[in-house]
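Here the structure is laid out as structure tokens; the discussion comes afterwards.
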Amino acid sequence: MKHKLWQIDAFAARPFSGNPAAVVPLDSWIDDSLMQRIANENNLAETAFFVRRSALHYDLRWFTPEAEVELCGHATLASAWVVFNELAPELKTVSFETRSGTLTVRRGDNGNLEMSLPSDPAIPFDAPAGLKDDIANALGAPPPDEIFKCRYLLAIWKNAAAIRDIAGPGEIARVLRDTGFWGLIVSAPGDDDYDIVSRFFAPAKGVPEDPVTGSAHCALVPFWAKRLGKKTLRAYQASPRGGDLLCTEDGERVALSGPCALYMRGEIDV
């Protein structure tokens, strides 16, 4: 059986930056285990699969190399790019039905796509004794100043250099396993004209470090919007590939905006 596949770099104005996602449109759903094997073979942070429901609506699911996930922002943006540019160029808005509800993406200005995701407010975390030092030792960084929880564990530093200087995920998988979380957001107030900087690690899902993470910004945007007194934030995810996001706090929703770049059109045969 043959399926078309696109690889799109999301939150990127050109290839080789932002976050790559594979996008596989389907006429109807195939077996879950096959979708998981395809995602593992692609070996990207996420592979998105969608099925057309109507002219403006699609059902959408996301798989990491190891598991299906509840929410993925960059692969949603990439899926919308495929719809707008390859499948239905007449559309200005598309809606995806997902495990996180209805997600809407519309064409924005200057080639950007604008996406609305559910907010994920962070709350204080009663961290086990020594957790700050464990995170620091695992990442080769100074201890974080604060720890919160949302969908993921959220560690906050006072300066952006602490985030940018992290070499990689290190031994964070062990720390996350011991705390019961599978993902860690690290963040600080921004530098270089950015309001915030962040990184995201999810080794248990086969994503040692995610280049640009939409779902992480569902927590970061309401957190920093309140702390900085700003509704609209310029965010930079300081992974080796890097990615820019324009983010707006909108009550129970978070709006994320950015460009996408086509890297590859292809076909899989399974």
Side-chain angles (χ1 to χ4, degrees), residues 1-11 18-39 42 44-64 67-120 151 213-215 217-218 245-248 250-270:
M1 183 179 299
K2 298 180 185 295
H3 301 285
K4 292 182 178 180
L5 176 148
W6 283 261
Q7 188 169 320
I8 307 296
D9 289 338
F11 299 111
N19 200 350
V23 179
V24 182
L26 300 170
D27 293 328
S28 59
W29 290 114
I30 58 178
D31 188 76
D32 286 9
S33 64
L34 178 56
M35 288 190 285
Q36 185 62 71
R37 290 197 297 272
I38 292 170
N42 290 336
L44 299 171
E46 265 85 15
T47 296
F49 300 87
F50 62 72
V51 174
R52 185 175 181 268
R53 179 182 288 193
S54 69
L56 300 175
H57 293 82
Y58 294 77
D59 293 320
L60 174 65
R61 297 169 69 180
W62 313 277
F63 290 77
T64 76
E68 185 171 9
V69 293
E70 298 293 317
L71 178 63
C72 178
H74 85 277
T76 301
L77 209 71
S79 296
W81 189 96
V82 171
V83 172
F84 289 147
N85 291 276
E86 304 285 309
L87 304 180
E90 72 281 2
L91 296 183
K92 304 297 182 184
T93 302
V94 61
S95 293
F96 296 104
E97 300 302 326
T98 77
R99 289 187 172 189
S100 292
T102 302
L103 308 181
T104 300
V105 185
R106 69 179 186 89
R107 296 180 189 266
D109 297 328
N110 302 317
N112 286 347
L113 301 182
E114 298 179 0
M115 171 175 57
S116 174
L117 300 177
S119 181
D120 182 24
R151 178 182 289 107
T213 314
S215 62
H217 286 81
C218 292
L245 305 91
L246 184 65
C247 313
T248 302
D250 189 24
E252 295 183 356
R253 309 289 294 183
V254 167
L256 305 180
S257 175
C260 288
L262 173 66
Y263 172 71
M264 179 177 66
R265 295 181 182 90
E267 185 177 75
I268 56 179
D269 191 351
V270 292

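Note that the structure is predicted; figures quoted are calculated from it, not measured. The first residue of the sequence shown is numbered 1, and numbering continues consecutively from there.
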Is any side-chain heavy atom of [Y] closer than 4.5 Å to one of [X]?
| X | Y | result |
| --- | --- | --- |
| Phe50 | Arg52 | no |
| Val94 | Phe84 | yes |
| Thr213 | His74 | no |
| Val254 | Thr248 | no |
| Ser119 | Arg253 | no |
| Asp9 | Asn19 | no |
| Leu103 | Leu71 | yes |
| Phe49 | Trp62 | no |

key: Counterpart residues, salt bridge (charged side-chain N to carboxylate O under 4.0 Å, His left out), relative to Asp250 (two or more places apart)   =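 Partners of Asp250 by the salt bridge (charged side-chain N to carboxylate O under 4.0 Å, His left out) criterion come out as none, since no residue qualifies.
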ask   = Which residues satisfy the salt bridge (charged side-chain N to carboxylate O under 4.0 Å, His left out) test with Arg99, sequence neighbours excluded?
value =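 Only Glu68, Glu70 meet the salt bridge (charged side-chain N to carboxylate O under 4.0 Å, His left out) criterion with Arg99.
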key: Leu26 side, atom CG; Met1 side, atom CE - distance, nearest 0.5 Å   = 9.5 Å
Nearest-0.5 Å distance that lies between atom CG in Leu256 and atom CE in Met115 = 4.5 Å
query = According to the salt bridge (Lys or Arg N to Asp or Glu O under 4.0 Å) rule, which pairs have a member within residues 19-35, sequence neighbours left out?
reply = Asp32-Arg61
task = Would you mind listing every salt bridge (Lys or Arg N to Asp or Glu O under 4.0 Å) that reaches into residues 104-115, with sequence neighbours excluded?
result = Arg106-Glu114
Taking all heavy atoms of [X] and all of [Y], pick out the closest pair and write down the distance.
| X | Y | answer |
| --- | --- | --- |
| Pro259 | Leu77 | O-CD2, 4.3 Å |
| Ile8 | Trp81 | CD1-CE3, 3.5 Å |
| Thr93 | Leu56 | O-CD2, 3.8 Å |
| Arg151 | Ser215 | NH1-O, 4.1 Å |
| Phe96 | Ala80 | CZ-N, 3.8 Å |
| Gly258 | Phe11 | CA-CD2, 4.1 Å |

key: With sequence neighbours excluded, residues passing side chain to side chain donor-acceptor pair (under 3.5 Å) with Ser54   =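 Only His57 meet the side chain to side chain donor-acceptor pair (under 3.5 Å) criterion with Ser54.
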Please table the atom pairs, donor to acceptor, closer than 3.5 Å between any side-chain atom in residues 260-270 and protein atoms at least two apart or in another chain.
residue: Arg265; atom: NE; partner: Glu86; partner atom: OE1; Å: 2.9
residue: Arg265; atom: NH2; partner: Glu86; partner atom: OE2; Å: 3.0
residue: Asp269; atom: OD2; partner: Lys2; partner atom: NZ; Å: 3.0

request  = Take Lys4 and Val24, measure what side-chain contact (heavy atoms from CB on, under 4.5 Å) needs, and give me the verdict at the end.
outcome  = CA-CA 6 Å; Lys4 292 182 178 180; Val24 182; over 6 Å; no
request  = Kindly determine whether Leu60 and Thr76 satisfy side-chain contact (heavy atoms from CB on, under 4.5 Å), including the steps that lead there.
outcome  = CA-CA 8 Å; Leu60 174 65; Thr76 301; 3.8 Å; yes
inquiry  = Checking Phe63 against Ile38 for the side-chain contact (heavy atoms from CB on, under 4.5 Å) test, could you report, in this order, the C-alpha distance in whole Å, the side-chain angles of both residues, the deciding distance, and whether it holds?
reply    = CA-CA 9 Å; Phe63 290 77; Ile38 292 170; over 6 Å; no
query = Between His217 and Leu117, does a side-chain contact (heavy atoms from CB on, under 4.5 Å) hold up when you go through it step by step?
reply = CA-CA 9 Å; His217 286 81; Leu117 300 177; over 6 Å; no
